[in-house]
Amino acid sequence: AVRILQDDVACDIIKIGTLVRKRDTFIKRRGRLLGPKGSTLKALELLTNCYIMVQGNTVSALGPFSGLKEVRKVVLDTMKNIHPIYNIKTLMIKRELSKDPELRTQSWDRFLPKFKRKNLKKRKEPKKKNTKKEYTPFPPPQPESQIDKELASGEYFLKERQKKRKRMEEIKAKQADALKKRQEERNKAFIPPKEKPVVKSKKASTEKKIDIEAIKEKVKNAKKKKLGALHVEEVKLKMAADEKKKKKK
C-alpha cells in the first residue's frame with residue numbers, strides 16, 4: 001500500500017465477478033489466470049513489472065501505468081475465454097522488439113502472432129427447412145367423412161351381407177395381385193440370359209500374294225550359313241587371296 005504513494009507507481013482493481021454468468025465457468029477461467037502453481041501469474045508479473053493479486057471477484061494490480069494496461073487486457077481476455085498464454089507470447093515478442101533501436105519507430109504488426117478463435121463454429125443449417133405457406137383468410141376444406149364416401153360410391157344403401165361380400169371380393173382381388181407379382185419374381189430366375197452374338201473373324205485378304213520362291217531361297221541360304229561362320233563364296237575368295245600372297249613371296 002505504501003508503494004502507491006510513489007510517483008511512477010499506480011494501482012488498478014479489475015472486477016471480474018460479473019463478466020461470466022455461470023459460477024463453474026468463472027472459477028475455471030479464474031484458475032486459468034493463475035496457472036499451474038501460479039506459473040502464469042508469475043510470468044505476467046515479470047513481463048509487466050506489476051504486482052498482481054487474484055482474490056474473490058477482483059484482480060488488483062500495482063505497478064507502472066503501461067504494465068497495468070497490459071494486465072487489464074490479459075485479465076479481460078481470459079474472462080472472455082481467450083487463454084492468457086497467447087497474450088503472454090505477444091508480450092514476450094514486444095519486449096524483445098523494444099530492445100532493438102531501429103524497430104522502435106516501426107509498426108510491430110508483422111512480428112506479432114495472430115491467433116484465431118477456433119471454438120466459435122457457424123450454426124449448421126437444418127436439413128429440413130420449414131417454408132411458411134401463403135396466408136389465406138379462408139379455412140381449408142373439411143375432409144370427407146366415411147359416410148360421405150359411402151354415399152358417393154353407393155355403398156351406404158347396400159345391406160350388411162352385400163357390404164361383407166364386397167369387402168371379401170376386394171381382399172381376394174388384392175391377394176390375387178400379390179400372388180401374381182410373387183410368381184413373376186420367382187419366374188425371373190428361370191429366364192435364361194440373352195447370349196451375345198458371335199462375331200465372325202474376318203477372312204484373310206487374298207489380295208496380297210505371297211512370293212513362295214523368295215521364301216525358298218531365303219531358307220536355302222539360311223541352311224548353308226553356319227552360326228558365326230562366313231558365307232561359302234566369301235571363304236573361297238579369301239582362300240584365293242591367301243594363295244596369291246604365298247606365290248608372291
Side-chain angles (χ1 to χ4, degrees), residues 1-140:
V2 176
R3 283 180 65 194
I4 300 166
L5 299 171
Q6 295 174 14
D7 293 335
D8 59 338
V9 177
C11 72
D12 190 10
I13 296 165
I14 307 154
K15 291 180 181 179
I16 57 172
T18 56
L19 294 173
V20 184
R21 288 182 183 178
K22 291 180 180 179
R23 185 71 183 166
D24 297 337
T25 313
F26 169 73
I27 292 161
K28 279 180 185 177
R29 289 181 188 176
R30 189 180 66 182
R32 199 181 287 170
L33 190 64
L34 293 164
K37 296 179 183 180
S39 59
T40 308
L41 196 68
K42 190 71 179 172
L44 200 61
E45 283 179 349
L46 291 166
L47 289 164
T48 55
N49 296 322
C50 294
Y51 168 77
I52 305 162
M53 179 68 179
V54 181
Q55 184 68 37
N57 294 333
T58 56
V59 177
S60 54
L62 187 75
F65 185 73
S66 59
L68 292 176
K69 280 172 74 178
E70 296 292 341
V71 170
R72 179 171 273 275
K73 184 180 179 296
V74 173
V75 170
L76 292 174
D77 282 352
T78 307
M79 288 294 132
K80 288 175 184 174
N81 202 20
I82 298 166
H83 205 280
I85 197 71
Y86 299 137
N87 288 311
I88 286 165
K89 280 183 181 178
T90 308
L91 287 168
M92 286 170 76
I93 293 162
K94 281 180 180 178
R95 193 177 187 179
E96 292 297 320
L97 290 167
S98 63
K99 292 175 183 178
D100 195 346
E102 292 180 2
L103 293 168
R104 279 180 187 175
T105 55
Q106 295 178 14
S107 178
W108 293 348
D109 291 336
R110 56 191 172 143
F111 301 109
L112 299 175
K114 292 174 183 178
F115 302 106
K116 293 180 181 179
R117 294 180 72 179
K118 292 180 181 178
N119 59 343
L120 292 174
K121 292 180 181 178
K122 290 182 180 179
R123 184 177 170 272
K124 289 182 180 179
E125 292 185 358
K127 288 181 180 178
K128 292 180 181 179
K129 291 183 180 180
N130 296 326
T131 53
K132 288 186 178 180
K133 294 177 182 178
E134 291 182 5
Y135 173 73
T136 52
F138 306 105

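Remember, predicted model here, so these are calculated numbers, not experimental data.
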For Asp77, all residues meeting side-chain contact (heavy atoms from CB on, under 4.5 Å), sequence neighbours excluded: Lys73, Ile82, Asn87
Within 6.0 angstrom of Gln6 CD, more than 12 heavy atoms from elsewhere: yes
Listing, residues 29-44 side-chain donor-acceptor contacts under 3.5 Å, not counting sequence neighbours, or none:
unit_1 : atom_1 : unit_2 : atom_2 : d
Arg29  : NH1    : Met79  : O      : 2.7
Arg30  : NH1    : Gly56  : O      : 2.8
Arg32  : NH1    : Asn81  : OD1    : 3.0
Ser39  : OG     : Pro36  : O      : 3.0

Residue pairs, two or more places apart or on separate chains, that pass ring pair (Phe, Tyr, Trp, His ring centres under 6.0 Å) and touch residues 44-103: Tyr86-Phe115
Leu19 side chain reached by Phe26 side chain, heavy atoms, under 4.5 Å: no
Qualifying salt bridge (Lys or Arg N to Asp or Glu O under 4.0 Å) pairs with a residue from residues 7-22, counting only residues at least two apart or across chains: Asp12-Arg72
Shortest non-hydrogen contact between Leu62 and Cys11, atoms and distance: CD1-CB, 3.8 Å
For Leu5, all residues meeting side-chain contact (heavy atoms from CB on, under 4.5 Å), sequence neighbours excluded: none
Gap between atom OG1 of Thr90 and atom CE of Met92 - 0.5 Å precision: 10.5 Å
From Asn49 atom CG to Glu70 atom CD, the distance as rounded to the nearest 0.5 Å: 11.5 Å
Euclidean distance, Asn57 CG relative to Ile13 CD1, rounded to 0.5 Å: 13.0 Å
Over all atoms of both residues, closest heavy-atom pair of Cys50 and Pro64: SG-CD, 4.0 Å
Salt bridge (Lys or Arg N to Asp or Glu O under 4.0 Å) partners for Lys89, two or more places apart: none
